[in-house]
Amino acid sequence: MIKNLVIVESPAKAKTIEGYLGKDFVVKSSFGHVRDLPKDNNAIDIEHGFKPTYVVSSDKREVVAQLKKLAKEAEIVWLASDDDREGEAISWHLTEALNLNDQKTRRIVFREITKNAIINAISTPRGIDMDLVNAQQARRILDRIVGFELSPVLWKKIKTGLSAGRVQSVAVRLVVEREREIDRFNAEASFKITAQFDVQGKTLEAELPARFKTEDEAQTFLQKCVGASYTIENLEKKPLKRTPAPPFTTSTLQQEASRKLYFSVAQTMSIAQRLYESGKISYMRTDSLNLSDEAIQGATKEIQRSFGESFVKQRRFKTKSASAQEAHEAIRPTDFSQMVASSDRNEQRLYELIWKRAIASQMADAEIEKTTATIGISTQADQKLQATGEVIKFEGFLKVYIESRDDEDSADEDVKGMLPPLSIGQEVSLRQMLATQRYTRPAARYTEASLVKKLEEMGIGRPSTYAPTISTIQKRGYVEKDSRDGKERPYQVLTLKNDQISSQQKTEITGAEKAKLFPTDMAMVVNDFLVEHFPNVIDYSFTARVEAEFDEIAHGQKEWEDMLDQFYKKFHQRIESSESISRADVSGAREIGTDPATSKTVLAKLGRFGPYVQLGEENTETGEKPLYASLRKGQFLETITLEDALELFKLPRVVGTYEDKEMTAAIGRFGPYIRHNSKFYSLPKTLDPLQVTAQEAVNLIEAKRKADAEKTIKTFSENEEVQVLNGRYGPYIVVGKKNVKIPKGKEPQDLTLQECLDLAEATPEKKGRGGFKKKEASPTAAKKTTKAKAGTKKAATKSKSSTKK
DNA sequence: CAGTGAGCGAGCTTCCGCTTGACTT
């Protein structure tokens, strides 16, 4: 018999709270939502006021059963799910799923996990806010309708298995439009003047605020400087203040961890999860900038102890985001006096980042003195050079934390040094003056984290979904995280030194990218289709507009059925009229030109197997067939040139014959290769698939055979499919396409053919890529083996749950 | 790691938000 049952969303939270409440309270977790719409297409009765059917999610059946039992025994059940729309819905679903009655049920909320906050919440319970629940239901149902009506349209018109949704389709759109913006971008060049002076053994760096459009103008300017003298005309000192950034939210944590630690957003979240579970940090899925009073006190104490009283400045930050629901605190250490949180390197690094950011947010401003020196040129009264320097007068928060930025171009380096001592009227001597050609840059491609930032700014998605959204659009083949080598670009530098002007051409690397998001051809085609036929849902402001309506529902000013009805009428009409769109119209086909050799047209298209180019058209009269070639990695339908396309038709090419079989050279996903007798041989970088000779190919094949023979431990003459090999991780058995580890205590030398076959039989099939031929042949065998391997634990729980049913 | 690029039709896919593990390499 228990007196009080408290239900929260997270088990880690439950543990902490139980400690605050004493023995009359049992605190359990629901592990998030316990019920949802079923997976099938009839979850919503659209005809009858969008009536939803809910089912207990399969992975929550045990949780619900356990909670039901405890709730029955308890005198009072306290529903303490999060204080936001989803949390309210969780509480409501719990009352339904656990059959709770109003008399013994209380709804409580708190936004920080501190003893005071919990005690306070218990003393001020309320009922469930059905308006807020209805707003959540409207959100859920709208998302289901959009996703489950739109995705099938893509299956029919473009490719099966594709997906679309309120959040992911906008994320893809952002990446697609950014890519096109970069494509269209034309870099403009200008000349930047910089000068170095010698001042009492030190260097004074100065630059001309204005830039010159052409080399001629820059040349003229330098020409006029020949023989000039340079004088400090003005010195201006200005105090500057820098203020610390607020403590982390999910999105800012992902951004900083990406820029400073090079973590992917998923990596950041899983490391943060471990820190949270071990009690080192507060909850990591939050959009709030708030710190509890206790946290502010804790930070203050630590700052006083480590840096002194003058470094303390208590601050409260207000969110600028309209979509923020602020059900939690900002991300912070649970104990500011702890600098070490884990022996795991990445956990410790992320913890330090969180610690520093939270500590810095409660520290004093940095005080800086900025000095600007204006340098006159005796021969040109209208042009002045400028030198700026900064001196930190008081470090303040800079002592622990400097926020990084997305545009980390060293060209406009923010950190400036001190100027050498100068006085007005002083003449400085020129060491050299440069006119360097600089180019404007296009907008940067998104990183995972900067895409999250953008989505958050637009109010799209939630802290709990940022990381999953980023991985969904990659899994669906819309977006690829990739690195690219840049291209060399020449630029001009004019140097004025000792009254002589010289000109030099240098090169720089431009357009190199590291771990950036690139849209695939599929993304382009799908996006264009959605923009044309469903402009409403893919509009950047769609979420903002429906959110405003959800708010009205939450405030009791609107019926959720009415809102959905209004939306659905127009939306469904578009779904229906999309039936008549022909598939050919959406293939993204583009004519890229004519082959000068054959004067046939070259087309770029998106096909069932990906993007390809086509030379010539099918002609039923002459029986002529077109030539096809798949695009390579890094080539895209929208940007491939005629020249590149013609190159593609040259491969695969027959190099020669060897042992009565043809050797062909081509380029595959892993690079260029030679194919011979259905085996593949990678070409080294030194060999060009277009140039490689028969002799070189033969050498390659023989070298590979020799290397293979060296790592072979055993072969069986009765069955050539079976081999025992020496691999990177030790010996293993190959049976057909299956690789099998050799169990401990077995000498690879002594293995018999039968033993090898038995071992292979006992090893589960590697999951193939969606081929459905396999599916039919293997389900029983696969099941048997996985069960055997999974051991008794899984088998036991499985049979338990099935008998319960 | 290739080749494929017509069409039919079986039976599949899909959303967003809340939460953790349980898997494998």
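Computed over heavy atoms, backbone and side chain alike; hydrogens, waters and symmetry mates excluded. In what follows, every chain begins at residue 1, and chains take the letters A, B, ... in the order their sequences are listed.
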Using the side-chain heavy atoms of [X], tell me which of these nucleotides is nearest: [options].
{"X": "T472(A)", "options": "dT19(B), dC15(B), dG17(B)", "value": "dC15(B)"}
{"X": "P652(A)", "options": "dG3(B), dG17(B), dC18(B)", "value": "dG3(B)"}
{"X": "S464(A)", "options": "dT4(B), dT19(B), dT14(B)", "value": "dT19(B)"}
{"X": "Y673(A)", "options": "dT4(B), dT19(B), dC1(B)", "value": "dC1(B)"}
{"X": "R476(A)", "options": "dA2(B), dC15(B), dG17(B)", "value": "dC15(B)"}
{"X": "Q168(A)", "options": "dC15(B), dT19(B), dT14(B)", "value": "dC15(B)"}
{"X": "R285(A)", "options": "dT19(B), dG17(B), dT14(B)", "value": "dT19(B)"}
{"X": "T160(A)", "options": "dT13(B), dG17(B), dA2(B)", "value": "dT13(B)"}
{"X": "T465(A)", "options": "dG17(B), dT14(B), dG5(B)", "value": "dG17(B)"}

In whole angstrom, give the distance that lies between atom [atom1] of [X] and atom [atom2] of [N].
{"X": "H33(A)", "N": "dT19(B)", "atom1": "NE2", "atom2": "C1'", "value": "9 Å"}
{"X": "E86(A)", "N": "dT19(B)", "atom1": "CD", "atom2": "P", "value": "9 Å"}
{"X": "L631(A)", "N": "dA2(B)", "atom1": "CG", "atom2": "P", "value": "13 Å"}
{"X": "K60(A)", "N": "dG17(B)", "atom1": "NZ", "atom2": "C1'", "value": "10 Å"}
{"X": "R675(A)", "N": "dT4(B)", "atom1": "CZ", "atom2": "C1'", "value": "12 Å"}
{"X": "E277(A)", "N": "dA22(B)", "atom1": "CD", "atom2": "C1'", "value": "13 Å"}

Would [X] and [Y] pass as an ion pair if we require N to O under 4.0 Å?
{"X": "R140(A)", "Y": "D36(A)", "value": "yes"}
{"X": "E18(A)", "Y": "K15(A)", "value": "no"}
{"X": "K600(A)", "Y": "E617(A)", "value": "no"}

Original post:
Is R462(A) side chain donor-acceptor paired with the dC18(B) base, going by distance under 3.5 Å alone?
Top reply: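 Between dC18(B) and R462(A), which were checked side chain against base, a qualifying N/O pair under 3.5 Å is absent.
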Original post:
Any donor-acceptor pair under 3.5 Å joining the side chain of R144(A) to the base of dC16(B)?
Top reply: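 Answer is no: no donor-acceptor pair is held.
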Does [X] lie flat on the base of [N], that is, centres under 5.5 Å apart and planes under 30° off?
{"X": "F31(A)", "N": "dT19(B)", "value": "no"}
{"X": "F680(A)", "N": "dA2(B)", "value": "no"}
{"X": "F148(A)", "N": "dC15(B)", "value": "no"}

Subject >> Of S169(A) and G161(A), the one whose closest DNA chain B nucleotide lies more 5' >> reply: G161(A)
Subject >> Most 5' of K39(A) and P468(A) on DNA chain B, judged by nearest nucleotide >> reply: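 By nearest-heavy-atom nucleotide position, the 5'-most residue is K39(A).
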Just checking [X]: base, sugar-phosphate only, or nothing, at a heavy-atom cut-off of under 4.0 Å?
{"X": "G32(A)", "value": "base"}
{"X": "Q614(A)", "value": "nothing"}
{"X": "S29(A)", "value": "nothing"}

Original post:
Is it the case that R173(A) places NZ or CZ above or below the six-membered ring of Y540(A), under 6.0 angstrom from the centre and within 45 degrees of the axis?
Top reply: yes
Original post:
Quick one: is the NZ or CZ of R545(A) closer than 6.0 Å to the six-membered ring centre of F542(A), and within 45° of its axis?
Top reply: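 No - R545(A) does not lie over the ring of F542(A) by the 6.0 Å and 45° rule.
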Subject >> Sole residue of R111(A), R462(A), K13(A) in salt bridge (charged side-chain N to carboxylate O under 4.0 Å, His left out) with D82(A) >> reply: K13(A)
Original post:
Looking only at side-chain N and O atoms, does S151(A) come under 4.0 Å of OP1 or OP2 in dC15(B)?
Top reply: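 Negative; the distance criterion is not met.
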